[in-house]
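Take a look at the structure below.
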Amino acid sequence: MNDSPKHTNRLINETSPYLLQHAHNPVDWYPWGEEALEQAKKENKPILLSIGYSACHWCHVMERESFENEEIADIMNSLFVNIKVDREERPDLDEIYMNAVQIMTQHGGWPMTVFLTPDLKPFYGGTYYPPTDSYGRPGFPKVMHAVAEAFNEKNTQVLEQANQLTAQLSRMSNLVDPHEHELTEDMMSKAYQDYRSRFDSHYGGFGNAPKFPPSMGLPFLLRYWHHSDNPNALEMVELTLQKMARGGLYDQLGGGFHRYSTDEKWLVPHFEKMLYDNALLVVAYFETYQATQNTYYRDIATETLDYILREMYDEEMGGFYSTQDADSEGVEGKFFVWEPNDVEDVIGEENAKIFCEYYDITPHGNFEGENILHIQTPPDIFARKIGMDQQELENLLSTSRKKLFEEREKRIKPGLDDKILTSWNGIMIRGMAMGYQITGKSDYLIACEKSAEFILTTLSQENGLLLRTYRSGKSHLNAYLEDYSYFISGLIALYEASFDSKWLREAERLSNIMIDQFGDKNGVGFFFTGKAHETLIVQSKSAYDGATPSGASMAIHCLFRLAKHLDNPVFYEKGIDTLKLYFHQMESTPSGSGQLLCELSFMLSTPKEIAIIGKIDNKKTEEMLTALHTMYIPNKIVGLSDPSDEDRLPLLKSKLRVNGITTAYVCENFTCQTPTTDVEEFVELLKS
């Protein structure tokens, strides 16, 4: 028997798991590059650009239905030059052409299908197309024939439409000079009112189904609560975090969050798990623990980090993987669902009766005849309801979860996209560093340090520039603005967890490269792509905070904090000018400006500059750091120096111990309070 595949295309030479998934399609796929672009120009053929990612359920569906279909592939090959792109490797292409699709259709998503002229200008597009007319959508072959006919027979009109659309994309990217606008506290109040108007007071979150985790909106609302003392802002945060963590969005057995919920109750998720979602939500849960002292939020964040170390981390090299698939054995969610009999077989009839009632596991099911574990009633209320001691209940649930998790590990797992992205590693370093600060768990700090070292060696070029992605021994693609800003934010967080000054020095070096490569020399702000990148049809300055923070908003985050650590007013002014550039965005679309609004909060406050002078392994030092990290102080920087250090960072210079004891300095707005060696007095200074 010959087991070799019938078809193999150019994608076989790529490293991206998503591209490799399509390497044996009968479609004559090209990766994005000169060969494909030259071929389109040579033959004067339109380009069919297909963009997706490895964990995308509907991407898999379209591949099975269309890209593996030889008749459909023949149409694609005869009418178009076909290019397949992994959006996680090429966020620049994804952003440009997703904007185009949203302009044309008023919605977007993946898989994204865009038709381009040979000079890369979009003229038609959409998302998923079925193989035949269905779901209220035209069949893919019908769409392709119509597009090719228009390109060949109405070429003038098509090119005019492409030029108009490209001009509109360019206008979206060219922002006005910001200096006439003043950034005020009123902007934060207006943003809060916008979030409040869309808040779901029953199930948390904002808007209707589908619901996405508001990973940056919640930290903004925490800052607004802290700034205004408005209790409603905190209530919105807490209800949302509780409902997400009790719903099917959260993996009740293994920890970690799925991508988003298809319903308003957070019950039925799209089952893929993304590194970035979990990195961002960890910060939201840890910050809410600090704000409320409710250990529930700390526990959810800790479980999530433990899941990442178990499933999404290369312990040998140090990098964090990108995604876990929604599908296993070709079925979405199959790995995660249960039937009552399966539960009973593992934990016994008596325990199963309680467990199934608690997690709403029923014979008729809540997802395609089976059950997604979720919690309808908090444990204290449920314990009273069934007449059981709460601690006894929680012990039973914990033991049962462990047994069911071990049983689930025997199932065929969802696919893993094991490429390592600089940007997403950066925000996970930040989450892990915060985890170490709050829990003291050394595994988190070790993972941070190994990931940072991996990026600084394996994902760095000889000229000092970063690369975007690594897999199977190959690092490639010039890094984007988000790679620099996310990673720099991780390095700052790693310094504030470990107090090894080399991380802050690397952050400073990379920030100077970021400004040089991506800064607008003729204006303000940062471009998505830099001087080392190829020229595309537009160069964007987008700062939209969607599923992930924009590269620009995280650049502001880094510049503000480094300016304080390093006493660098140039960094601070660059951050303010960039923030002003997005005045209208913060005013008009707060829900897409969560990270920007967090940086606005930092700028409008007088951030606390906390310097501790003492040996890091000293008991008094540890007590001060524990007290500090238990408190919610969102707008702060923290430095620590051993008394013997001669080459101190600017924040720590000229500060001495009092009577040879670990001493804390709390400074604000160019003024330092009286240094203290007393932990309780230190806490009071932080509260003031």
Side-chain angles (χ1 to χ4, degrees), residues 55 213 241-262 265-275 277-278 281-282 285 295-313 321 323-329 331-363 365-379 382 393-416:
L241 292 179
Q242 289 174 18
K243 292 293 187 180
M244 287 197 304
R246 290 175 180 153
L249 184 79
Y250 186 68
D251 181 355
Q252 301 295 335
L253 296 184
F257 290 87
H258 300 293
R259 175 74 275 269
Y260 66 91
S261 177
T262 61
K265 300 179 182 180
W266 307 103
L267 171 59
V268 181
H270 259 310
F271 286 90
E272 62 262 41
K273 289 182 180 178
M274 319 297 287
L275 183 67
D277 281 323
N278 287 283
L281 286 170
V282 158
Y285 277 90
T295 57
Y296 174 74
Y297 304 114
R298 182 194 64 196
D299 293 345
I300 293 296
T302 302
E303 287 176 8
T304 301
L305 290 181
D306 290 343
Y307 149 72
I308 292 294
L309 290 182
R310 185 181 70 244
E311 302 281 350
M312 301 281 282
Y313 177 58
Y321 302 137
T323 64
Q324 282 184 313
D325 210 325
D327 298 7
S328 54
E329 302 179 71
V331 179
E332 183 177 17
K334 183 174 182 178
F335 180 77
F336 298 99
V337 296
W338 293 84
E339 293 182 3
N341 290 341
D342 298 332
V343 175
E344 187 175 317
D345 288 344
V346 177
I347 62 175
E349 182 179 355
E350 187 176 342
N351 289 343
K353 183 179 179 181
I354 296 171
F355 189 91
C356 288
E357 185 178 353
Y358 184 77
Y359 284 106
D360 190 32
I361 300 172
T362 65
N366 55 37
F367 175 70
E368 299 179 356
E370 299 192 81
N371 296 274
I372 302 167
L373 274 62
H374 70 117
I375 302 167
Q376 294 182 307
T377 308
F382 184 82
L393 170 68
E394 291 185 349
N395 291 341
L396 182 153
L397 295 173
S398 176
T399 302
S400 298
R401 281 196 305 268
K402 183 178 179 183
K403 289 180 179 178
L404 287 165
F405 172 78
E406 290 170 353
E407 181 65 24
R408 194 180 75 175
E409 285 291 282
K410 300 173 186 176
R411 298 177 179 178
I412 297 174
K413 288 192 173 186
L416 174 69

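Being a predicted model, the structure only gives us computed values, none of them experimental.
In this structure, His258 contributes its side chain and Phe271 its backbone to a donor-acceptor pair below 3.5 Å. Of the possible donor and acceptor atoms, none in the side chain of Glu303 sits under 3.5 Å from a partner among the backbone N and O of Arg298. With hydrogens and angles ignored, the 3.5 Å screen pairs a side-chain donor or acceptor of Ser328 with a backbone N or O of Phe335. Between the side chain of Asp325 and the backbone N or O of Pro414, no donor-acceptor pair lies under 3.5 Å. Judged by distance alone, the side chain of Thr399 and the main-chain N or O of Asn395 form a donor-acceptor pair under 3.5 Å.
Note: Tyr260 and His270 have perpendicular aromatic rings, judged against thresholds of 30 and 60 degrees for the angle between ring planes.
Counting heavy atoms from C-beta on, the side chains of Phe257 and Ile300 come closer than 4.5 Å. For the pair His374 and Trp266, the minimum side-chain heavy-atom distance is 4.5 Å or more. For the pair Met244 and Leu281, the minimum side-chain heavy-atom distance is below 4.5 Å. When side chains are defined from C-beta on, Cys356 does not count as touching Glu344, because their heavy atoms never get closer than 4.5 Å. For the pair Pro340/Asn371, a side-chain contact is recorded, criterion being any heavy-atom separation below 4.5 Å from C-beta on. Counting heavy atoms from C-beta on, the side chains of Asp251 and Tyr307 never come closer than 4.5 Å. Side-chain contact check for Thr377 versus Tyr358: every heavy-atom pair is 4.5 Å or farther apart. Side-chain contact between Arg408 and Arg411: present, with at least one pair of heavy atoms (C-beta onward) separated by less than 4.5 Å.
Here the closest heavy-atom approach between residue Arg310 and residue Gly254 is recorded as NH2-O, 2.8 Å. Taking both residues in full, the closest heavy atoms of Ala301 and Tyr285 are given as CB-CB, 3.8 Å, listed atom of the first, atom of the second, then distance. Across all their heavy atoms, Gly248 and Pro269 have their closest contact at O-CG, 3.5 Å. When all heavy atoms are compared, the tightest approach of Ala55 to Met274 is CB-SD, 4.4 Å. For the pair Leu275 and Tyr321, the tightest heavy-atom approach, listed with the atom from each and the gap, is CD2-O, 3.2 Å. Closest approach of Leu393 and Pro379 over heavy atoms only: CD2-O, 3.5 Å.
Other residues, nucleotides and ligands contribute over 12 non-hydrogen atoms within 6.0 Å of the CD atom of Glu329.
Note: Ile372 CD1 to Asp360 CG = 10.5 Å, rounded to the nearest 0.5 Å. Taking OG1 from Thr323 and CG from Leu416, the interatomic distance works out to 7.0 Å, rounded to the nearest 0.5 Å. Interatomic distance, Phe382 CZ to Glu357 CD, rounded to the nearest 0.5 Å: 4.0 Å. Note that the CG atom of Leu267 and the CG atom of Leu373 stand 10.5 Å from one another [nearest 0.5 Å]. Note that CG of Leu249 and NZ of Lys273 are 10.0 Å apart. Values are rounded to the nearest 0.5 Å.
For an aromatic pair to be called close, the ring centres must be under 6.0 Å apart, and Phe367 with Phe336 fails this.
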Problem set entry | Audit row: Asn278, Met312, side chain to side chain contact (heavy atoms under 4.5 Å, CB included) steps and yes/no | CA-CA 11 Å; Asn278 287 283; Met312 301 281 282; over 6 Å; no
For this session: Take Leu397 and Tyr359, measure what side chain to side chain contact (heavy atoms under 4.5 Å, CB included) needs, and give me the verdict at the end.
Result: CA-CA 10 Å; Leu397 295 173; Tyr359 284 106; 4.0 Å; yes
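Judged by a 6.0 Å distance limit and a 45° cone about the ring axis, Lys403 is not positioned over the six-membered ring of Phe355. In this structure, Arg401 fails the cation-pi test against Trp338, since its NZ or CZ atom is not both closer than 6.0 Å to the six-membered ring centre and inside 45 degrees of the ring normal.
Note on Lys413 versus Glu311: salt bridge recorded, some NZ/NE/NH1/NH2 to OD/OE distance being below 4.0 Å. A salt bridge between Glu350 and Lys353 is absent, with no side-chain N of the basic residue lying under 4.0 Å from a carboxylate O of the acidic one.
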